[in-house]
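Report on the structure given below.
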Amino acid sequence: MVEEKKISEEENGNGPVLTAEQLAKEFKEHSVAEFFKKNRQMLGLTGKIKTLTTIVHEYVSNSLDACEESGILPEIEIKISELSEEYYEIMVKDNGPGLTKETLGKALGQLLAGTKFHRMMQMRGQQGIGASGCTMLSLMTTGKQIQVISGTAKHSPFMAEMTIDPKKNEPKIIKIEEIKKEFTGLAIKAKFKEVKYQKGEQSPLEYLRRTAIANPHAKIIFIDPFGEKTVFERTAKTIPAKPIEVKPHPKGITVDELLTMAKATQGRKISSFLKTDFDRTGDKAIEEISKNISFDMNKDPKKMSWEEAEEIIKSFKTTNFIAPSTEGLSAIGENRIEASLKSIVKPEFLSVLTRKPTVYKGGFAFQVEVAIAYGGNSGKSSGEKDEQTGQEIKRVEVMRFANRVPLLFDAGGCALSRAVQGLDWKRYGIKNLDNAPLTVFVHMLSVHIPYTGAGKQAVSDEEEVMEELRLALMQAARQIMRSIAGKRRLEEKEQKKKLFLKYATEVAIALHELTGKKKDEIEKKFHAIVLKKLKLEEKMEKELEQKTDEEIAAELEKEAEKEKKGKKNKKSAIKENDGEE
Ligand SMILES: Nc1ncnc2c1ncn2[C@@H]1O[C@H](COP(=O)(O)OP(=O)(O)OP(=O)(O)O)[C@@H](O)[C@H]1O
Ligand SMILES: [Mg+2]
């Protein structure tokens, strides 16, 4: 037996040295709840201001998701009260489907539990950690439970007090009792410490303002800690078309996800699993895959090994699939965006554009919507005043959204901001974007948003997404600048005309005195010269405008050409897969 060599504390320099056996005694397991307790930054729950906004975001997103799933026009009330310094109570009440007594615990008191994972559907929630994370944060910072009132369409409402047991990642229901009250929906009241309410761009109020813009079908009522009430009335009277749940496309799947799905499938053979659980996997595609793998496709998918899953994923890469269906997407739509921006931002000029759905990474359907608002309440306040006019100087305001959820943090690392910053704004008459009184609205919707982290605050830059954003912004910028330039030109021209004509009259009088010629005739000639000059200027401006239009048209044509090619490929792929779809 090899004698264990003992190293003195001095030799080690870091205190006593532990053997593997001693370390084994230290070996512990911890629950997912404990993990997130130590890593709350992963849930976006860091920073006093950010944490408060994130809590509001989690509850409000859940309310909107739940209402839409149940076909209810959402009415959500949010109240934030200050209990003492950096200690607040948040109440969020909705008119949604509510939770049953049986699901309440798991929904709000267990991390990674919910109704939304692995659903290829455009929803706000994805992971099952939002609301339950808030329950845990409340316990962590105050030691208190949360209060819930829930009423469903079938049962009279009940009141519950509950929390989470982080060690077991299990809900702990402290009290539950029926109450005599007419109510359907869910109301949650929770207390939090180490948070702070502050007005500004990252505040709950701004979050709700943007939520109202992207969700014109929702009525949102907010009462801030000072008792000030803001109501965002709905500008759309119907719920958006419910997105359809689509199956995952093979090009968007990882080895790990394939194995997880294989374990849960009803299919008895790998071939039938691939055919029924994925989008666009017809007989031809299955045949192509089977040629590129070293094992039998009749094998039980539940017995699939990691190496075999790797082989399948590798073969997916070279297989010719039809692009994923885009039915899982539900855009806000140009008319609705226009109505809500007009009601909330009240701009002088507005251009809105919803692009057609397309695909990124070959496996995920997505779509972009942009709007540019100018004048009125567009832009954000700089706190400074123009010395000459005394009017407030405005700065550009970029509103980012993913699946109708406003993104207020991590703008620097987000593809949506980069797309806005990357546009050559000078081409559209904006010399310095930062100092322009503009509100730029950018929305990406997808069955799978490529977030850069679990905090879901920034989108990663996928090539196809960036290209769609560029084209959309280009078109919208052109449109708005045309309207602004048109109006400005008209005003300037009128002023110039007035001024020139005034001088023409005066010069005519002087010339009449000097030359003795008739004043009226001189004046008439002068007027003709002024009008000719103004016409010439107008012609030059029009030519310049046409040049820019031609450049944009050329870019769009290039894009249409690309699209045509894509369609051709798709058609030939359909032909190859004939009889399968
Ligand atoms: N207001 C509500 N009305 C009805 N059901 C709700 C409500 N809030 C939460 N739920 C249910 O509780 C589950 C868990 O919510 P939670 O916010 O923890 O996760 P999630 O929304 O599924 O995903 P994410 O972590 O991305 O938010 C939801 O999936 C939903 O089924
Ligand atoms: Mg959620």
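All ligand and atom numbering here is 1-based and tracks the order in the structure.
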Notebook entry, point to check: Do any of the N/O/S atoms of N62, backbone or side chain, fall under 2.8 Å from the Mg ion (ligand 2)?
Noted result: yes

Item checked: Sequence-distant partners of Y59, ring-ring contact (aromatic ring centres under 6.0 Å, His included), two or more places apart -> none

Notebook entry, point to check: Relative to ligand 1, is I188 under 4.0 angstrom through side chain, backbone, both or neither, heavy atoms considered?
Noted result: neither

Next item on the list: Kindly confirm or rule out an N or O of A66 lying under 3.5 angstrom from an N or O of ligand 1.
Entry: no

Notebook entry, point to check: If you draw the axis of the six-membered ring of Y87, does the NZ or CZ of K193 fall within 45° of it and under 6.0 Å from the ring centre?
Noted result: yes

Item checked: Y197: ring-ring contact (aromatic ring centres under 6.0 Å, His included) partners, not counting sequence neighbours -> none

Note to self: Measuring only between side-chain heavy atoms, which start at C-beta, is I90 closer than 4.5 Å to L52?
What the structure shows: yes

Check: Relative to the heavy atoms of G130, which atoms of ligand 1 are at a distance of less than 4.0 Å?
Finding: 16 (P), 17 (O), 18 (O), 19 (O), 24 (P), 25 (O), 27 (O)

Next item on the list: Could you check which of T103, D94, N62 puts a non-hydrogen atom nearest to atom 1 (N) of ligand 1?
Entry: D94

Checklist line | Minimum-distance pair of heavy atoms, taken over all atoms of S138 and K144 | finding: OG-O, 3.7 Å

Margin query: If the cut-off is 4.0 Å to any non-hydrogen atom of L99, which atoms of ligand 1 fall inside it?
Written below: 5 (N)

Notebook entry, point to check: Just distances here: any N/O of A131 and N/O of ligand 1 closer than 3.5 Å?
Noted result: yes

Notebook entry, point to check: Angle class for the F441/F401 ring planes (parallel below 30°, perpendicular above 60°, tilted otherwise)?
Noted result: tilted

Check: With atoms numbered from 1 as shown, which atoms in ligand 1 lie under 4.0 angstrom from a non-hydrogen atom of E58?
Finding: 27 (O)

Check: How far apart are the closest heavy atoms of E468 and K356, and which atoms are they?
Finding: OE1-O, 4.1 Å

Check: Are K456 and ligand 1 in contact, using a heavy-atom cut-off of under 4.0 Å?
Finding: yes

Notebook entry, point to check: For S132, is the nearest heavy atom under 4.0 Å from an atom of ligand 1?
Noted result: yes

